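What follows is one structure encoded as structure tokens, with my remarks underneath.
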4 protein chains.
Amino acid sequence: MSEASFLGDLLQTIAERGRRLLARGGGPDDGRNGALAALCERLIASRGEASSLALSQEILERWAALSEADRRAFMTMLLESFGPDRAKLDAAVEAYRGAPTPKAAQRLHEASEPRRQELIRRLNSAPDGMAALVRMREALIALKADDPGLAVVDDDFAHLFGSWFNRGFLVLKPIDWATPANVLEKIIRYEAVHEIRDWEELRRRLEPPDRRCFAFFHPRLVDEPLIFVEVALTTDMPATVAEVLAPDRAPIAAEQASAAVFYSISNCQEGLRGVSFGNFLIKQVVEDLRRDLPELATFVTLSPVPGFAAWLAREREAPDSEALSAEDRAALAVLDDRGWMDDAEAVETVRPALTRACAWYLVNARTSRGAPVDPVARFHLGNGARLERVNFLADRSPRAMRQAHGMMVNYLYELDDIETNHEAFFDRGEVAASSSVRRLARRARAADAKPAELPAK
Amino acid sequence: MSEASFLGDLLQTIAERGRRLLARGGGPDDGRNGALAALCERLIASRGEASSLALSQEILERWAALSEADRRAFMTMLLESFGPDRAKLDAAVEAYRGAPTPKAAQRLHEASEPRRQELIRRLNSAPDGMAALVRMREALIALKADDPGLAVVDDDFAHLFGSWFNRGFLVLKPIDWATPANVLEKIIRYEAVHEIRDWEELRRRLEPPDRRCFAFFHPRLVDEPLIFVEVALTTDMPATVAEVLAPDRAPIAAEQASAAVFYSISNCQEGLRGVSFGNFLIKQVVEDLRRDLPELATFVTLSPVPGFAAWLAREREAPDSEALSAEDRAALAVLDDRGWMDDAEAVETVRPALTRACAWYLVNARTSRGAPVDPVARFHLGNGARLERVNFLADRSPRAMRQAHGMMVNYLYELDDIETNHEAFFDRGEVAASSSVRRLARRARAADAKPAELPAK
Amino acid sequence: MSEASFLGDLLQTIAERGRRLLARGGGPDDGRNGALAALCERLIASRGEASSLALSQEILERWAALSEADRRAFMTMLLESFGPDRAKLDAAVEAYRGAPTPKAAQRLHEASEPRRQELIRRLNSAPDGMAALVRMREALIALKADDPGLAVVDDDFAHLFGSWFNRGFLVLKPIDWATPANVLEKIIRYEAVHEIRDWEELRRRLEPPDRRCFAFFHPRLVDEPLIFVEVALTTDMPATVAEVLAPDRAPIAAEQASAAVFYSISNCQEGLRGVSFGNFLIKQVVEDLRRDLPELATFVTLSPVPGFAAWLAREREAPDSEALSAEDRAALAVLDDRGWMDDAEAVETVRPALTRACAWYLVNARTSRGAPVDPVARFHLGNGARLERVNFLADRSPRAMRQAHGMMVNYLYELDDIETNHEAFFDRGEVAASSSVRRLARRARAADAKPAELPAK
Amino acid sequence: MSEASFLGDLLQTIAERGRRLLARGGGPDDGRNGALAALCERLIASRGEASSLALSQEILERWAALSEADRRAFMTMLLESFGPDRAKLDAAVEAYRGAPTPKAAQRLHEASEPRRQELIRRLNSAPDGMAALVRMREALIALKADDPGLAVVDDDFAHLFGSWFNRGFLVLKPIDWATPANVLEKIIRYEAVHEIRDWEELRRRLEPPDRRCFAFFHPRLVDEPLIFVEVALTTDMPATVAEVLAPDRAPIAAEQASAAVFYSISNCQEGLRGVSFGNFLIKQVVEDLRRDLPELATFVTLSPVPGFAAWLAREREAPDSEALSAEDRAALAVLDDRGWMDDAEAVETVRPALTRACAWYLVNARTSRGAPVDPVARFHLGNGARLERVNFLADRSPRAMRQAHGMMVNYLYELDDIETNHEAFFDRGEVAASSSVRRLARRARAADAKPAELPAK
């Protein structure tokens with residue numbers, strides 16, 4: 001890391017030199033968007049190294065200080081003034097129509113490249129330019145919600161990020177208690193599934209011999225994890241979060257473990273939305289663990305079901321739901337009592353119906369495009385994992401109760417089946433599921449569900 | 001480096017897994033270009049991580065084993081079959097003509113992207129994919145010479161490399177006698193200016209306290225320098241190579257030096273032709289040296305003049321050359337005797353005329369586009385350096401005698417003038433030169449050149 | 001650090017192999033001190049690599065599990081059974097008396113070496129042997145308090161540690177917010193001057209641009225700092241802890257600082273007591289800071305005065321104290337009211353007298369051997385620093401109020417005077433002090449102390 | 001390594017500061033041994049950090065410039081003037097005789113410590129002090145040959161080195177083609193068994209996939225290997241050097257190897273003679289290779305027999321040699337013809353007799369203390385290896401022909417037997433040997449040796 005910061009310092013010195021030149025030249029120091037636009041024009045036109053670095057840095061610093069309104073104006077400017085050169089593009093269109101040769105197609109491609117792509121590439125050369133661009137896109141994604149026209153600008157960021165964050169650039173690093181604190185604080189901050197309240201809780205996630213954590217890093221975002229996964233080494237496939245995270249549990253030796261449980265996967269950079277890392281991360285971590293601990297036989301997640309409660313509410317209101325039998329629908333009324341999970345009788349009443357409904361949801365509920373409704377299911381099934389088990393009252397945290405009535409799922413990564421599952425999923429929309437989940441899902445509407453089929457508490 | 005190789009191993013394992021899947025699927029194992037095309041199609045269509053890695057690696061390995069003729073056929077296939085999707089492109093063209101909105105322009109840009117760009121991006125994910133692609137382009141550049149149509153394909157490589165080798169990714173590292181041998185052997189191999197015959201000569205370039213060397217590296221091309229510069233720390237601006245490289249010279253302590261002499265700059269990767277690193281390298285090295293050795297006051301090159309002899313031959317044949325006075329033309333006849341440089345009288349006869357002609361060449365000789373004819377002059381003047389001094393009989397090596405009648409040049413990097421010179425050069429075609437060089441150049445045609453103006457031997 | 005752990009793993013594997021051999025041999029598994037003595041005898045006699053490693057590890061592990069009583073018994077055993085071989089020693093004594101040649105003296109030296117020294121050297125070869133020995137001596141120091149005979153054993157540890165922790169082995173490392181968490185938690189744990197309550201407070205000590213921290217490490221105690229110093233970069237020599245550690249202070253840029261304030265120095269390893277690091281640490285840190293921040297002109301501490309309150313209590317009770325005038329003695333009565341420091345009038349009453357008394361104490365109060373009574377004064381004056389200023393109500397923490405009535409001192413490290421001060425201190429017992437401190441100390445008994453001489457609040 | 005050099009720089013700066021103080025003090029600048037003695041006295045007396053460092057460095061630098069005669073005088077001075085303080089020692093002797101308590105023994109040990117031990121410890125603190133002391137002892141070992149009295153001084157060096165080079169300090173590192181050149185050049189220089197002529201030959205030893213090399217390093221001797229071993233990965237136990245080092249052999253993949261052959265072990269530091277590393281090195285390398293390449297089943301050397309030819313010459317001259325039968329003695333006459341190894345008939349004549357003699361030599365020839373005569377045999381058998389096979393005409397290099405008539409030996413490291421062999425060797429003088437070697441050795445004097453027992457060519 002010190003090498004990176006050393007390089008950063010040199011770039012900084014060169015940029016400072018350029019900045020003095022800019023200052024001499026006078027001009028765009030009035031600090032308004034007009035001036036920013038002028039700086040962007042100068043940057044695209046620039047051929048000098050130092051002035052180019054100085055311009056990049058100036059633009060990124062000014063951007064960071066803009067109000068939200070000014071940021072919106074800036075993005076609109078990128079949309080309107082930094083598209084392709086219209087005259088050149090029109091000429092290229094006509095040339096292509098005249099003679100659609102490979103060369104003409106290529107000219108057309110070049111002429112249609114929005115000038116903001118070159119602008120973004122040049123901003124990327126600044127010291128810390130990449131990090132600033134990721135933050136810039138994070139803001140852009142928020143702005144885009146109210147202003148769909150900005151999607152065109154966002155696509156340019158997304159295109160370039162896709163190339164720069166090509167997985168060939170990613171570096172997998174283990175995260176442990178000997179990791180630098182400035183990285184660890186980001187693990188605390190970005191943990192999105194099971195909150196890490198403080199450094200002591202972080203230590204419990206990292207230091208025991210039966211815990212592992214891995215993150216992807218990018219060479220230009222030093223100290224910034226892109227995505228990370230927390231792993232528990234266990235002797236069984238766990239059915240609840242409490243088993244995995246109990247503060248007083250007795251750790252086992254890593255060599256005793258037969259299963260690796262991926263119990264939390266968190267994306268860190270909102271500005272990299274749409275650049276997919278998770279698929280690759282899990283597979284690399286599996287290979288790394290297998291190499292280090294050859295006795296590991298099972299690779300499985302313990303995952304939330306974030307879309308379940310919302311879907312279930314809709315089904316319960318729909319008079320003709322395919323998913324729910326009348327009996328189950330009746331039993332699910334228990335869910336309307338807050339605090340049902342602390343009432344043993346209510347729990348036993350709702351258990352079979354809720355478990356069946358969850359299985360049905362995961363196997364059968366689809367979006368209009370035919371993909372699973374549940375985003376976590378989409379992710380793991382798309383990776384080639386198998387729906388292995390549905391777990392009742394597996395996470396009693398307020399969020400999990402609200403989003404999924406406490407249900408969780410184990411997705412199993414069976415290495416030899418991953419590619420087959422993956423292709424079946426994408427080619428034919430098939431969901432890989434264990435026979436028990438499949439049976440539960442089938443029986444969702446049937447009256448004769450046998451409790452014996454339910455997973456033991 | 002071991003981290004990189006660790007990651008490489010994991011990728012390899014994942015790719016192996018995918019390879020078994022490919023094998024199962026049967027199919028494209030007949031090893032001909034048709035099969036390679038099919039593999040490329042499958043790679044573009046692939047969504048699975050493992051099969052995508054396996055396909056990438058398979059393609060790159062097969063490519064490496066192809067004959068030159070098959071490589072040409074492969075490139076032609078990329079040109080003809082992996083351009084943009086014609087139907088989509090035509091639709092996008094029409095849509096744009098109908099309503100030239102930003103969104104339509106963007107669609108047009110996307111639709112005109114040749115499919116080989118995505119193919120190259122996917123190949124880049126393979127372990128060692130980047131290195132393989134750089135070698136692939138090296139071959140492509142050679143093929144292109146006979147087959148200008150392939151320039152379209154080369155442009156796609158160049159475009160992606162420009163983005164991936166964005167200077168934000170480059171890492172400057174000092175090269176010294178404690179550098180790993182597998183990097184040092186590349187310094188021996190790639191040195192393009194003053195040959196390094198063996199490891200002992202390499203040691204003399206790196207180990208003495210008054211020598212420095214720096215290279216740019218890229219995080220995905222481990223152990224592969226992209227460009228490097230060799231530096232001598234001296235007390236004076238040197239006039240000959242012999243002063244700098246004399247095997248028996250007495251090194252000085254780095255703290256005694258007042259000048260840093262850049263006496264050799266070599267690009268290493270033919271496959272990265274057109275991606276410019278040198279400009280940035282010199283400026284970073286200057287900053288690094290200044291930080292380390294604050295007493296350094298002069299940053300100067302000792303550079304070859306590779307185009308001089310060819311130009312001079314043309315001028316001497318042209319009856320109406322502006323560059324040569326009749327007297328000088330006569331004096332230059334000495335050059336036609338092989339071995340003139342060992343004849344003291346001949347040397348003194350030709351010295352003034354040759355020095356003047358060289359100054360004239362550097363200051364005034366231009367290409368049809370107005371740039372200096374000499375490629376090394378183009379590079380340093382474009383960087384903002386100043387033509388400081390023209391050195392007679394400065395390099396007696398056969399190559400230098402052949403290319404430049406032994407002439408060399410000092411280009412001075414005066415930090416405060418670099419940007420100004422740079423802009424004057426690009427905006428107005430002005431060549432920055434010291435007054436003495438300027439005077440020599442002016443007097444080239446004049447009869448009254450005063451020997452006193454010549455640099456002392 | 002992974003390199004160290006890799007080596008540790010190999011050693012571990014070799015030790016495991018030896019352990020199986022030991023087990024085969026049967027024997028000393030009854031877990032009592034007798035058995036431990038037998039293991040120690042076997043270790044000294046051992047010539048095999050693996051069995052020697054296994055024996056070392058076995059002994060260290062058993063030791064770690066001993067009760068305090070058994071540890072005492074173990075140390076007594078080392079004292080009584082692992083001294084020199086009496087017969088050999090007596091023979092060497094007689095040989096030396098017969099002919100006191102260099103060779104005979106050397107034989108005597110060898111023969112008088114206690115066998116426990118060789119034992120300790122062999123224990124040191126175990127993986128983590130050094131760390132275990134440091135902990136062992138920590139226990140021994142505690143045992144020695146009740147059992148002065150063990151001092152002989154302790155001297156053997158001290159002698160070997162002095163050689164192994166020779167300053168040539170020490171590595172100075174900066175500690176910052178990018179330091180691994182397992183090192184940082186030790187900074188929290190070992191901070192002995194100004195408590196660090198939690199990770200947020202740690203961050204405030206390390207992350208701002210005007211903070212520095214440095215520690216010495218030893219290659220065999222990975223992740224274990226030996227001693228560390230916390231530094232504040234400031235524009236003035238601070239008079240109170242609050243100025244330095246105020247949670248809401250505005251940090252300055254490092255380049256703006258003119259002073260480096262060493263406000264906390266903590267030894268980490270009780271087991272290394274008597275091995276002196278601090279002297280060397282401060283001088284290396286000064287050189288490091290000067291190199292990095294050439295504009296730093298002042299290197300000064302803000303130090304506690306831990307012996308002051310106890311000394312003052314004795315002086316106030318002594319009717320014929322030289323240190324206190326009658327007036328000052330009267331004024332100091334204020335100190336008997338708890339909470340005086342929150343009473344503005346009391347504060348002003350006691351300020352001159354307390355300040356004078358503290359100056360007197362630091363300059364004049366000596367132990368029976370002539371050294372300053374105050375241990376912190378001894379340390380810094382012994383290092384060659386100068387007593388620069390005495391600060392009233394400089395630390396309001398309960399400990400500082402209890403130990404020093406809130407007084408603190410600045411010791412100044414003037415690089416050009418350090419050696420001279422150091423020699424004057426050791427050769428002639430002279431305390432280097434600024435003229436103002438000197439005046440205060442002189443006037444301690446005088447009635448005419450002028451408030452104007454006191455440092456401004 | 002840069003960390004080490006960074007620390008070195010700081011130490012240097014502190015030493016410079018001290019040096020100026022020394023200079024001020026005037027005095028010992030006359031550059032003679034008298035002055036050096038005075039500096040040594042000052043160093044022992046010194047308490048100041050900076051002056052102590054400066055003195056150490058001054059002494060080491062002056063030492064380095066001394067003539068051989070002055071070095072001898074210096075060592076004699078250490079012997080005569082830096083022994084123990086006679087008065088103190090005599091007092092300690094008498095005190096001990098009066099009451100031989102542990103404390104008195106300890107005092108005696110302290111009083112008998114030669115003052116040069118403290119001198120050496122202080123010299124060790126200088127930047128590069130350790131390296132300078134190792135070179136100093138190298139010179140001392142040479143001087144000692146003519147001046148046995150200096151052995152006393154040498155013992156002090158040896159004692160301290162034994163403690164400082166405790167194997168707990170040693171770091172095992174792989175050496176490969178990515179190792180820094182300044183380390184690799186030392187591999188070339190120190191290779192003591194099979195000469196490495198140049199960098200290309202070095203590359204052939206390190207770069208192929210079936211080659212490994214490992215060295216021990218010490219944290220204070222950066223870039224200086226202490227000992228290294230070269231390993232060939234093979235499918236069989238090799239019988240000749242040519243098999244292992246043939247320049248044109250086809251390397252195998254590491255995973256295909258079933259045997260690791262230690263074909264060269266070289267100590268690097270003559271100044272560390274007597275500090276044993278080899279035993280430990282081989283065992284760590286075995287463990288490292290097993291971890292990396294679990295399919296390796298055989299760990300074996302291909303070793304020279306350096307004492308064989310000299311021993312055989314004596315036996316052939318001794319009329320009553322037990323080792324040679326009359327027949328074999330006759331057959332061995334062939335050896336007197338230079339060039340016998342190129343005469344096929346001579347080769348077949350001498351093969352059985354020479355092989356038997358070599359086996360006899362290794363198994364039975366002992367020094368007066370009962371150890372094997374052959375130093376390499378002593379080393380490996382002492383490590384617990386087994387004499388596995390004797391190889392005829394295994395090394396045709398001039399040295400091997402001269403020292404061993406071309407014979408070589410395989411010593412086998414069978415992990416489960418190492419400790420047992422080791423103990424049998426040291427406790428009962430038993431040589432572990434395979435049954436075939438044993439049979440050959442037995443039959444050395446017998447007339448009926450069956451050629452069938454000889455290893456196949």
Side-chain angles (χ1 to χ4, degrees), chain A residues 3 7 10-11 13-14 17-18 21 47-51 79-80 83-84 86 89-90 93 96-97 100 102-103 105-106 108-109 112-114 121 124-126 129-130 149 152 155 160 163-164 166-169 171-173 219-220 279-280 283-284 287-288 291 383-384 415 418-419 422-423 426, chain B residues 3-4 7 10-11 13-14 17-18 21 47-51 79-80 83-84 86 89-90 93 96-97 100 102-103 105-106 108-109 112-114 121 124-126 129-130 149 152 155 160 163-164 166-169 171-173 219-220 279-280 283-284 287-288 383-384 415 418-419 422-423 426:
Chain A
E3 183 169 89
L7 183 65
L10 292 185
L11 287 172
T13 316
I14 294 173
R17 201 173 293 283
L21 286 167
R47 270 172 323 240
E49 189 66 43
S51 55
L79 175 66
E80 292 170 357
R86 279 294 305 271
L89 175 51
D90 290 348
V93 163
Y96 174 78
R97 294 181 78 233
K103 184 139 209 108
Q106 187 200 37
L108 184 50
H109 184 58
S112 60
E113 186 183 286
R121 280 192 289 263
N124 187 22
S125 328
M130 184 71 95
V152 169
D155 283 350
L160 289 169
S163 195
W164 286 331
N166 183 299
R167 74 202 149 182
F169 282 100
V171 180
L172 182 71
K173 289 190 191 170
R220 286 217 61 206
N279 171 1
F280 200 50
K283 282 166 197 167
Q284 283 212 337
E287 296 298 349
D288 187 39
R291 159 184 307 217
N383 279 351
L415 289 170
I418 281 180
E419 288 290 311
H422 165 86
E423 283 171 24
F426 280 108
Chain B
E3 183 170 89
L7 183 67
L10 292 186
L11 287 173
T13 317
I14 294 173
R17 200 174 293 285
L21 286 167
R47 269 173 323 240
E49 189 67 43
S51 55
L79 174 66
E80 291 169 357
R86 280 294 304 271
L89 175 52
D90 291 348
V93 162
Y96 174 78
R97 294 182 77 234
K103 183 139 210 109
Q106 188 200 37
L108 184 51
H109 184 58
S112 60
E113 185 183 286
R121 280 192 290 261
N124 187 21
S125 329
M130 183 72 94
V152 169
D155 284 349
L160 289 169
S163 195
W164 287 331
N166 183 299
R167 74 202 150 182
F169 282 100
V171 181
L172 181 73
K173 290 189 190 170
R220 287 215 63 205
N279 172 1
F280 200 50
K283 283 167 196 166
Q284 283 213 337
E287 297 296 347
D288 188 38
N383 280 350
L415 290 170
I418 281 181
E419 289 291 311
H422 165 86
E423 283 171 25
F426 280 108

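Keep in mind the model is a prediction, meaning the values are calculated, not measured. A note on names: the letters A, B, ... follow the listed sequences, proteins ahead of strands, and every chain is numbered from 1.
- Interface remark: of the candidates A:D90, A:I418, A:L79, A:L160, A:D90 forms the most heavy-atom pairs closer than 4.5 Å to chain B.
- When the side chain to side chain donor-acceptor pair (under 3.5 Å) test is applied to A:D155, the partners found at least two apart in sequence or on another chain are B:Q106.
- Comparing A:N383, A:N166, A:N124 by how many heavy-atom pairs each has under 4.5 Å with chain B, the most go to A:N166.
- Closest heavy-atom contact between B:W164 and A:F169: CD1-CE1, 3.7 Å.
- The minimum heavy-atom distance linking B:R121 with A:S163 is given by the pair CD-OG, 4.0 Å.
- B:R97 pairs by the side-chain contact (heavy atoms from CB on, under 4.5 Å) definition with A:V93, A:E94, A:R97, B:V93, B:E94, not counting sequence neighbours.
- Using a 4.5 Å cut-off between heavy atoms, A:P84 contacts chain B through its side chain alone, with no backbone atom that close.
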